[in-house]
2 protein chains.
Amino acid sequence: MIRKHPKPKGREAIKAWNHNKIIEASIEVIAKYGIAGTTISRVVELADVSRGLVNIHFKSKDILLKEALNYMFAEYNNTIDNAVKKAGSNPVDQIKAIITANLDPSILNKKNMGVWFAFRAQIRSMPEHLEMVETRDKCLTNHLLRIFETLNLEGGYKIPVKSVVRGFMVMLEGYWLDFHLHPRNYDREEAKNTCLFFLAGLFPKLFK
Amino acid sequence: MIRKHPKPKGREAIKAWNHNKIIEASIEVIAKYGIAGTTISRVVELADVSRGLVNIHFKSKDILLKEALNYMFAEYNNTIDNAVKKAGSNPVDQIKAIITANLDPSILNKKNMGVWFAFRAQIRSMPEHLEMVETRDKCLTNHLLRIFETLNLEGGYKIPVKSVVRGFMVMLEGYWLDFHLHPRNYDREEAKNTCLFFLAGLFPKLFK
DNA sequence: AAGTAAAATGTATGAACGTACATTTAAAAT
DNA sequence: ATTTTAAATGTACGTTCATACATTTTACTT
């Protein structure tokens, strides 16, 4: 049962509170059972609300799924944007901030990865969600393209930016997958260091 | 409807033929609809066999899923082992062979990736399949550990082998994910070159 | 304190699910 | 040709699913 905060007062507030409770329960259920394994019964049980309430708040199961996914992505995009902002103007610091953010427990945790890979796995049969996934990809790609281009200029490198950005993102996502499969003995520090190690191969002066 | 080969003669042969037809149909359905979205009805329709036959060949749905997964993994492990063998004794050639094999259409295709990520997504709620996934990981890890250690010796490098192997595998898998999401405009050559580019950063003399 | 409208509840319904099993089909043996 | 028996079929059953909606509860208004 999800009950992070006590039940608030006021009709509107209670409604919003229940709405949120259902979304968060859905996320947890998706993470555990996958998209097709997510049933209203499981959501209802975890959210501790009545069966009918889900139908009132979300016109259909599909809409509920979509809102749950959206909820999660918004969090991710915010986290990354903030991390880059906080890192200041140094591109190397920005890269490090992005790596750290992507490996931080607030992003890289069982629940998030469960949902993440559940959606990615089913993308073939639910192409309507592809857009949302790609929006997240673009958020990260844009940051990285800009940063690596700056690195090229500042360091006098001639690294093929597009390929390296893709390779780098692919690596980050690979580490997510690694965590998803083996959350127990996962070493965030090692993952970070290996990312930096690979980058140091390409930009020796900057990442050493 | 799956009918690669004409129906054979002989009771045993027909039985085996149907068995195979059901497994291959299952793989296709899993790839399209995910684990929980895989229903007997869908498998039966695609395999073009009677509803009851699945129950006779596979005691339960779980067992069918397990056999389908096993079928796919066996193919993968064979392909990799053969690729390494064919590459000869040069470690750089072996690495290249592994990259090429992992990006080859016989491995990296919509069907395989659909099943692959479907299982990985659901691993949390079906831990009984973790073992099979890890067997595949070990097959690849063992090859790579040996090869990178040889590279260290031959080239006089002091690369942290374990980390690099993990980073490299993570990268390969990241490219699988990339393909899974965007099979249309996927560039196998570029993926291969970027892998080599990252390795060239670590082993400059060898991968240039 | 009484009335009212919004929100939440829980039961009902039909479709789809996995599985069991009596029946039919057809390959092999006589 | 007839018999035998393994293999395949298709219906039937109990369960679980998403959804609809009449009913009850509860926060707000008067």
Side-chain angles (χ1 to χ4, degrees), chain A residues 1-3 5-26 29-30 32-69 118 122 125-126 128, chain B residues 1-3 5-26 29-30 32-69 118 122 125-126 128:
Chain A
M1 189 173 94
I2 291 180
R3 189 161 285 174
H5 313 291
K7 188 171 177 176
K9 297 220 167 174
R11 197 134 61 181
E12 287 279 308
I14 291 175
K15 195 181 174 184
W17 182 70
N18 275 327
H19 192 89
N20 206 256
K21 225 171 26 159
I22 294 170
I23 288 188
E24 290 189 357
S26 302
V29 172
I30 293 167
K32 206 166 184 181
Y33 299 101
I35 304 288
T38 296
T39 64
I40 305 292
S41 300
R42 280 173 171 158
V43 171
V44 156
E45 194 190 358
L46 197 66
D48 192 39
V49 295
S50 71
R51 188 165 186 73
L53 193 59
V54 175
N55 274 94
I56 292 166
H57 276 271
F58 307 92
K59 213 171 174 181
S60 74
K61 193 186 164 185
D62 275 348
I63 291 175
L64 171 60
L65 289 176
K66 198 165 186 171
E67 288 208 24
L69 181 60
Q122 294 246 321
S125 56
M126 306 173 80
E128 68 270 24
Chain B
M1 188 174 94
I2 292 179
R3 188 161 286 173
H5 312 290
K7 188 170 176 176
K9 297 221 167 176
R11 197 132 64 179
E12 286 280 308
I14 292 175
K15 194 181 174 184
W17 182 71
N18 275 327
H19 192 90
N20 207 256
K21 223 171 26 158
I22 294 171
I23 287 188
E24 290 188 357
S26 302
V29 172
I30 293 168
K32 206 166 183 181
Y33 300 100
I35 305 288
T38 295
T39 64
I40 305 292
S41 300
R42 280 173 170 158
V43 171
V44 156
E45 194 190 0
L46 197 67
D48 192 39
V49 295
S50 70
R51 189 167 184 71
L53 193 59
V54 176
N55 274 92
I56 291 166
H57 277 271
F58 307 92
K59 214 172 176 182
S60 74
K61 194 188 165 186
D62 275 348
I63 291 175
L64 172 58
L65 289 176
K66 198 165 186 171
E67 290 208 23
L69 181 59
Q122 294 246 325
S125 55
M126 306 173 80
E128 68 269 24

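Letters go in sequence order (proteins before strands), and every chain restarts at 1.
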Task: Selected nucleotide, minimal atom distance to A/Asn55 side chain, candidates D/dT5, D/dC28, D/dA20 - done: D/dA20
- [ ] Considering just the side-chain nitrogens and oxygens of A/Asn18, establish if one lies under 4.0 Å of OP1 or OP2 belonging to C/dA7.
- [x] no
TODO: Return the value, rounded to whole Å, for the distance between atom CZ of B/Arg11 and atom C1' of D/dT5.
DONE: 6 Å
Open item on the list: Output the rounded distance in Å from CD1 (B/Ile35) to P (C/dG18).
Closed with: 13 Å
TODO: Could you check how far CG of B/Asp48 sits from C1' of D/dT9, rounded to whole Å?
DONE: 13 Å
- [ ] Compare the minimum distances between each of C/dC17, D/dA7, D/dA18 and the side chain of B/Lys15, then state the nucleotide with the smallest one.
- [x] D/dA7
Open item on the list: Side chain of B/Thr39, heavy atoms from C-beta onward: which of D/dT5, C/dA7, C/dG18 has the nearest atom to it?
Closed with: C/dG18
Task: 5' priority, DNA chain D, between B/Glu12 and B/Gly52 [closest heavy atom] - done: B/Glu12
- [ ] Check B/Ile22 against B/Val49 and note the closest heavy-atom contact, atom names and distance.
- [x] CG1-CG2, 4.2 Å
TODO: For atom CD of A/Glu128, decide whether the heavy atoms of other residues, nucleotides or ligands shown that lie under 6.0 angstrom number more than 12.
DONE: yes
Open item on the list: Output the rounded distance in Å from CD1 (A/Ile40) to C1' (C/dA15).
Closed with: 15 Å
TODO: Give the rounded distance in Å between these two atoms: NE2 of B/His19 and P of D/dA8.
DONE: 11 Å
TODO: Under 4.0 Å between any heavy atoms, over every strand shown, what does A/His57 touch: base, sugar-phosphate, or nothing? Just pick one.
DONE: sugar-phosphate
- [ ] Select base, sugar-phosphate, or nothing to describe what B/Ile56 touches, counting heavy atoms under 4.0 Å on all strands.
- [x] base
Task: Closest-nucleotide 5' rank along DNA chain C - winner of B/Arg51 and B/Gly10 - done: B/Arg51
- [ ] Measure from the side-chain heavy atoms of A/Lys61 and tell me the nearest of D/dA27, D/dA8, D/dT19.
- [x] D/dT19
Open item on the list: For the NZ atom on A/Lys15, are there more than 12 heavy atoms of other groups (residues, nucleotides or ligands in this structure) within a distance under 6.0 Å?
Closed with: no
- [ ] May I have the distance from A/Lys9 (atom NZ) to C/dA6 (atom P), rounded to whole angstrom?
- [x] 22 Å
Task: Nearest listed nucleotide, side chain of B/Leu53, among D/dA27, D/dT9, C/dG18 - done: D/dT9
- [ ] Indicate the atoms forming the closest heavy-atom contact of B/Asp48 with B/Lys21, along with that distance.
- [x] O-NZ, 4.0 Å
Open item on the list: Here's a test of your reading of the structure: between B/Gly37 and B/Lys59, which maps to the more 5' nucleotide of DNA chain C?
Closed with: B/Gly37
Task: Minimum-distance pair of heavy atoms, taken over all atoms of B/Ser125 and A/Tyr33 - done: OG-CA, 4.1 Å
TODO: State whether the number of non-hydrogen atoms from other residues, nucleotides or ligands found under 6.0 Å of A/Lys66 atom NZ is greater than 12.
DONE: no
Open item on the list: On DNA chain D, does the nearest nucleotide to A/Ser41 precede the nearest nucleotide to A/Ile14 from the 5' side, or the other way round? Give the residue.
Closed with: A/Ser41
Task: Rounded interatomic separation in angstrom, taking CH2 from A/Trp17 and P from C/dA6 - done: 22 Å
Open item on the list: Less than 4.0 angstrom between a side-chain N/O of B/Ser50 and OP1 or OP2 of D/dG10, yes or no?
Closed with: no
Task: Among D/dC28, D/dT5, D/dT19, the one nearest A/Ser60 by side-chain distance - done: D/dT19
Task: Separation of C/dA7 P from A/Ile22 CD1 (nearest whole Å) - done: 13 Å
